[in-house]
Amino acid sequence: MWVSPQHHCPGQTSITSQNGFVSFPKSSTTSRAISSNMGNPHTTLPPSGSFKKPINQPITDCNTQIRKFCEVGNLKMAMDLVCNAQKSELELATYCSVLQLCADFKSLDEGRKVHSFIDSCGIEMQNASAPKLAFMYLSCGDLREGRRVFDRMANEKVFLWNMLLSEYAKIGNFEESIMLYERMVEFEVEANSYTFSCILKCLAAKKSVAKGERVHGYLLKLGFGAYNTVVNSLIAFYFKCGRTESARKLFDEMCDRDVITWNSMISGYTANSLAEKGVEVFIDMLSTGIRVDLATIVSILAACANVGVISLGRSLHAYAIKAGFNKEITFNNTLIGMYTNCGDIDGASCIFYNLGERSVVSCTSMIAGYARDGLSDKAIALFHEMKMEGIKPDIFSVTSILHACACNGSLEDGKEVHNYIRENNMDLDVSVSNALMDMYAKCGSMEDALSIFSQMPIKDIVSWNTMIGGYSKNSMPNEALHLFGAMQQELKPDIVTLTCVLPSCASLAALDRGREVHAHLLRNGLAFDNYVVNALIDMYVKCGALVLARSLFDKTPVKDLVSWVVMVAGYGMHGFGREAIAAFKKMRKAGIVPDEVSFISILHACSHSGLLHEGWRFFDIMRNDCNIKPKLEHYACMVDLLARSGKLSKAYRFVETMPIEPDASVWGALLCGCRIHHDVKLAEKVAENIFKLEPDNMRYYVLIATIYAEAEKWEEVNKLKERIGRRGLRKNPCCSWIEIKGKHHIFVAGDNSYPQPKKIDFLIKEWSTKMKAEGYFPNLRYALTKGEHMPKETPRCGHTERRAMAFGIMSFPPGKIIRITKNLRVCSDCHEMAKYVSKKVGSEIVLRDSNRFHHFKNGSCSCRGYL
DNA sequence: CGGATAGTAC
């Protein structure tokens, strides 16, 4: 027995502590009331002869009259008589009959009246009527009062115990059910099959395997091992707890399995992701000749959907038509789900559009199927169609359609659905609100998402994660981190929260915050999930801690595609092209098939290290070996690669002959190359192409202006400035930052309110003087343009990165790595200074700009001039 | 009978 005194929590409702007149009869019956039916309270009526009739009974006995009305179900007349009767005349059996009627009619008010009449009787009457009274309250849905009466009475009636157990289970208070069961066992109330079915459900809900096993032992001892209903419940319990072998063992040992047994096996295996075994069971079932019912078909279709075996699904479809199930709407709905899950969207829509009657469920299945298949437009169209047909979408339909809008990125459709949701007060549902927030986040409107979030009275962990993830995805890392902080005031972040927040740490290069997250994961034993580990590796990569990223990567036992791609991209960004290529090869050797994104990473890596030949090879591998059609990103990488290598005209021809229309990013890659190789003429041609496509992207104006400035074409620079002014564009202010002890120190161009300005400026001045004295000259061309003509003309970078660098050198002990982040590309002047400082001070400097990493060590940079 | 809402890589 697993009941022990420790289980009895203080303060909990307890039978023993309720009052003084409770007695607990130890059951002495030898014949067990195994068959006593919970659904039949009449069997528990107190014997009507237990109270003696009053003497001087009139012939037209009011008791008889009341009971007559009860027999014919006339509650009103019965109650009238009860109310008018002399209370001392009424017998227990009469009260019981009326209470039963109140229970049948679920008439709580009348029941309460009867209760008050009984209360005015003697204690004997009160005690004797208590079971019926408790029954009445429980039947009428007043669990609290039912429990109160129950607690006050002597109770050996298993029927009432069962009723209480199931009522608590109904409202989800499984703990209370379990506690009551423990008490039952303790007081030796004889449990019956209903007790076991119910308690096993509760224990399954709480996944209490150990307690369930003890119940299992107990029921065997009482001889319930041969009861189908009980064993079926046990099987369901074991499946719910993931103990498929235990369920199987019971099944194998059963001698007369009924249809429910078979169905439980099929759905149990399916729920435990062992749908194949479910299918096997189904085939065995067919060979036994047992009648297949609707539930069987529905379970096996779900199994098919999980396995994704469309052939079996199709033959089941045929089988079910023969057996006549195709008229059942539930069958058809599951069938639609099966076809959509197996990816046969046409098969699904064929059934759907041939349905005699459509229900909300059929429509929702179909919408979800379309959404899952990426056919958001069709999903949205069907949503409108069902509304036109007068089928009212419910919260299920609405969450599905929101998902479709989110996948589509169509804010307008999403807003329309939002209006519908508001009009129907569906936004009170947490899941619906979460789906709405997700839709807005995926459509890029974090303002709308936030407005929903802030209006939610109850937020669950998904709500928080959706917002934090939304901010991360929409490049609002500060908001993400801020919300993460706020969340921790209210609830504990889970693995998804941490996975959501890591990209924000990465984008801010907030290494200390990232490390805190890592520590949190380790403390909570969560550092084994692939998603979060990949996010961690990526965070370390982007914070410039390539060594930490690598050691975490090495320690990861299961490296999936993303793990590898993160490392390949990481090596690339840090200028280790050869290592990136080695990793890519290793990945393929490990049997992982690269996808589009993998090739973008490796091509980028080649480009960052100027590996033109290798880049071409990967481009060919992608097209020929992997059958991946190059996308714009791939072309942009190739153009970048060609252009950086100085093959500008080849790059231009490449863009012109692309099989898909080049976009601004492809031309932009060429423009970058023009800058590096000072080809003003080509740059002008390219720029005009770009401005046709993206006339408002400041990035390209800055780039062409720099090209002009470096060629000393000041007139052209001025013309550009006018053009920019006419368009009302503004330059993204340049800024650099450095993290010191978890705190960010930001240096913004044109803002001199940074910390310790005198010391910083002094240090920088000293460095420049020494650089000059030591003949440390940056490239001549740049030095010239920096000369007399242009200090005011060039887009000012503000040299924020050198200030951050000086601040870092001042703040950290020598030898410590200085990590700086900049929102734009590094200026070549500062790049030279960083090289110098790394040699002079002996500190390693890691600078992340908007393009890549620069590791300055002992006077040189890992970018080898590929700024 | 339906959905399944949140997460990693360029």
Side-chain angles (χ1 to χ4, degrees), chain A residues 294-295 297-299 301-302 305 325 328-338 340-341 352 358-369 371-372 379 393-404 406 429-439 441-442 449 459-470 472-473 493-503 506 526 529-539 541-542 556 560-570 572-573 587 594-605 607 631-634 636-637 665:
Chain A
L294 183 61
I297 291 290
V298 166
S299 305
L301 280 176
F325 288 120
E328 301 278 352
I329 181 101
T330 52
F331 163 75
N332 283 310
N333 292 342
T334 318
L335 197 60
I336 291 169
M338 189 277 293
T340 61
N341 272 322
F352 179 73
R358 290 182 196 177
S359 69
V360 199
V361 179
S362 1
C363 293
T364 307
S365 302
M366 204 55 231
I367 288 173
R372 235 178 283 142
D394 60 7
I395 55 170
F396 292 94
S397 335
V398 151
T399 46
S400 287
I401 200 65
L402 283 173
H403 183 227
D429 183 276
V430 178
S431 298
V432 170
S433 293
N434 290 344
L436 268 172
M437 278 166 14
D438 186 53
M439 180 275 293
K442 295 233 162 82
K459 304 172 175 70
D460 63 8
I461 191 141
V462 178
S463 324
W464 288 92
N465 292 349
T466 306
M467 280 305 289
I468 293 171
S472 275
K473 273 262 158 71
D494 68 0
I495 197 151
V496 177
T497 322
L498 301 170
T499 313
C500 285
V501 87
L502 279 168
L526 300 172
D529 175 89
N530 256 36
Y531 273 91
V532 84
V533 170
N534 292 339
L536 272 174
I537 298 171
D538 185 56
M539 181 275 295
V541 163
K542 294 205 176 117
T556 305
D560 61 14
L561 177 68
V562 177
S563 326
W564 287 99
V565 170
V566 166
M567 263 336 277
V568 169
M573 268 182 250
M587 170 184 87
D595 65 351
E596 286 172 23
V597 178
S598 329
F599 280 104
I600 296 172
S601 300
I602 190 67
L603 291 176
H604 249 119
S607 145
K631 296 254 160 67
L632 284 169
E633 288 101 319
H634 302 104
C637 285
S665 75

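In what follows, every chain begins at residue 1, and chains take the letters A, B, ... in the order their sequences are listed.
- For A:Cys500, whose side chain is taken as the heavy atoms from C-beta onward, the closest listed nucleotide among B:dG7, B:dA9, B:dT8 is B:dG7.
- One finds a side-chain N or O of A:His403 lying less than 4.0 angstrom from the OP1 or OP2 phosphate oxygen of B:dA4.
- Separating the NZ atom of A:Lys631 from the P atom of B:dA9 is a distance of 18 Å, rounded to the nearest angstrom.
- Taking the side chain as every heavy atom from C-beta outward, A:Leu526 and A:Val532 never approach each other to under 4.5 Å.
- Between the side chain of A:Thr399 and the base of B:dG3 there is at least one donor-acceptor pair of N/O atoms closer than 3.5 Å.
- If you check the side chains of A:Ser598 and A:Ser601, you find no donor sitting under 3.5 Å from an acceptor.
- Residue contacts shown for A:Met573 are limited to sugar-phosphate atoms, with no base heavy atom under 4.0 Å away.
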request  = Would you sort out whether A:Thr497 and A:Ile461 count as a side chain to side chain contact (heavy atoms under 4.5 Å, CB included), showing the intermediate values?
outcome  = CA-CA 8 Å; A:Thr497 322; A:Ile461 191 141; 4.3 Å; yes
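- A heavy-atom distance below 4.5 Å is found between the side chains of A:Val361 and A:Ser365.
- Among the atoms of the strands shown, none is found under 4.0 Å from any heavy atom of A:Arg358.
- If you measure from atom NZ of A:Lys473 to atom C1' of B:dT8, you get 8 Å, rounded to the nearest angstrom.
- No side-chain heavy atom of A:Asp438 sits less than 4.5 Å from a side-chain heavy atom of A:Asn434.
- When side chains are defined from C-beta on, A:Glu596 counts as touching A:His634, because their heavy atoms get closer than 4.5 Å.
- A:Ile495 comes within contact range of at least one nucleobase, with a heavy-atom separation under 4.0 Å.
- Judged by atom type and distance alone, A:Thr499 reaches the base of B:dG7 through a side-chain donor-acceptor pair under 3.5 Å.
- Within the 4.0 angstrom heavy-atom criterion, only backbone atoms of the sugar-phosphate kind lie near A:Val298; the bases stay farther away.
- Across all strands, A:Val360 comes closer than 4.0 Å to base atoms (heavy-atom distances).
- Nucleic acid contact class of A:Ala569 (heavy atoms, under 4.0 Å, all strands): sugar-phosphate only.
- In this structure, the CD atom of A:Glu633 is 13 Å from the C1' atom of B:dA9, given to the nearest Å.
- Here the C1' atom of nucleotide B:dG7 and the CG atom of A:Leu536 are 12 Å apart, to the nearest Å.
- Atom P of nucleotide B:dA4 and atom CD1 of A:Ile367 are separated by 11 Å, given to the nearest angstrom.
- Remark: the A:Asp394 side chain and the B:dG2 base include a donor-acceptor N/O pair separated by less than 3.5 Å.
- Within the 4.0 angstrom heavy-atom criterion, only backbone atoms of the sugar-phosphate kind lie near A:Val566; the bases stay farther away.
- Following rounding to the nearest Å, A:Leu498 (CG) and B:dA6 (P) show an atom-to-atom distance of 18 Å.
- Within the nucleic acid shown, A:Asp460 has no heavy atom closer than 4.0 Å to any nucleic acid atom.
- Defined by atom type and a distance below 3.5 Å, a donor-acceptor pair is present between the side-chain atoms of A:Ser397 and A:Asp394.
- Computed from coordinates, the A:Ile336 CD1 to B:dG2 P distance equals 11 Å when rounded to whole Å.
- Summarising the geometry, the separation between CG on A:Asp595 and C1' on B:dT8 is reported as 13 Å, rounded to the nearest angstrom.
- Across all strands, A:Ser431 comes closer than 4.0 Å to base atoms (heavy-atom distances).
- Taking the 5.5 Å centre cut-off and the 30° plane limit, the aromatic side chain of A:Phe396 is not classed as stacked on B:dG3.
- Among the atoms of the strands shown, base atoms are found under 4.0 Å from some heavy atom of A:Asp529.
- Within the 4.0 angstrom heavy-atom criterion, only backbone atoms of the sugar-phosphate kind lie near A:Lys442; the bases stay farther away.
- Of the candidate nucleotides B:dT8, B:dC1, B:dG2, B:dT8 has the atom lying nearest to any side-chain atom of A:Tyr531.
- Distances shown here put a side-chain N or O of A:Lys542 below 4.0 Å from the OP1 or OP2 atom of B:dC10.
- Listed nucleotides: B:dT8, B:dG3, B:dG7. Nearest to the side chain of A:Asn534: B:dT8.
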